Amino acid sequence: MKKTTINISYDEEKLSALKMYLGQKGSGLDDELVKMLDTLYGKTVPASVREFISMKSESYTVTSKMNKSEKTT
């Protein structure tokens, strides 16, 4: 699935402290934000839409792999 970037503004000192304590727990800010976004997505987006997007993503992945293998042969 194609990824996109999200930019947000947040207090610099709070962000620095958050990164420090997440690092002590062996986690990272990006990992935690992705988990939270996935939770929000699961709670907000209807199941039928999530299923459609999943099927669409699987189809895209298969097509991409087929195209790459055709280029190498």
Side-chain angles (χ1 to χ4, degrees):
M1 184 176 284
K2 186 176 177 183
K3 305 286 183 180
T4 190
T5 301
I6 301 171
N7 292 313
I8 60 169
S9 297
Y10 192 69
D11 183 273
E12 187 175 358
E13 289 185 24
K14 289 180 181 180
L15 181 61
S16 179
L18 181 58
K19 287 180 178 180
M20 181 179 70
Y21 285 101
L22 284 172
Q24 288 178 356
K25 289 183 158 188
S27 187
L29 183 61
D30 288 353
D31 296 334
E32 293 298 321
L33 287 173
V34 168
K35 287 179 197 174
M36 291 193 165
L37 283 171
D38 285 341
T39 299
L40 182 61
Y41 172 80
K43 288 171 40 176
T44 307
V45 178
S48 59
V49 176
R50 294 192 313 262
E51 184 178 331
F52 173 77
I53 291 172
S54 177
M55 288 175 16
K56 186 176 163 186
S57 175
E58 290 169 10
S59 173
Y60 174 78
T61 302
V62 170
T63 304
S64 292
K65 287 181 181 178
M66 288 174 51
N67 288 338
K68 286 181 184 178
S69 68
E70 289 174 0
K71 289 179 183 177
T72 58
T73 55

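Remember, predicted model here, so these are calculated numbers, not experimental data.
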* Which residues satisfy the side-chain contact (heavy atoms from CB on, under 4.5 Å) test with Gln24, sequence neighbours excluded? -> Met20, Tyr21

Hey, could you give me the [atom1]/[atom2] distance between [X] and [Y], rounded to the nearest 0.5 Å?
X	Y	atom1	atom2	answer
Leu22	Leu33	CG	CG	8.5 Å
Glu13	Leu15	CD	CG	11.0 Å
Thr5	Asn7	OG1	CG	7.0 Å

* Asked: Linking I/L/V/M/F/W/Y whenever their side-chain heavy atoms sit closer than 4.5 Å, directly or via other members, would Val34 and Leu29 fall into one cluster?
  -> no

Can you give me every donor-acceptor pair (side chain of residues 36-48, partner residue at least two apart or in another chain, under 3.5 Å) with its distance?
{"unit_1": "Thr39", "atom_1": "OG1", "unit_2": "Lys35", "atom_2": "O", "d": "3.0"}
{"unit_1": "Thr44", "atom_1": "OG1", "unit_2": "Leu40", "atom_2": "O", "d": "2.8"}

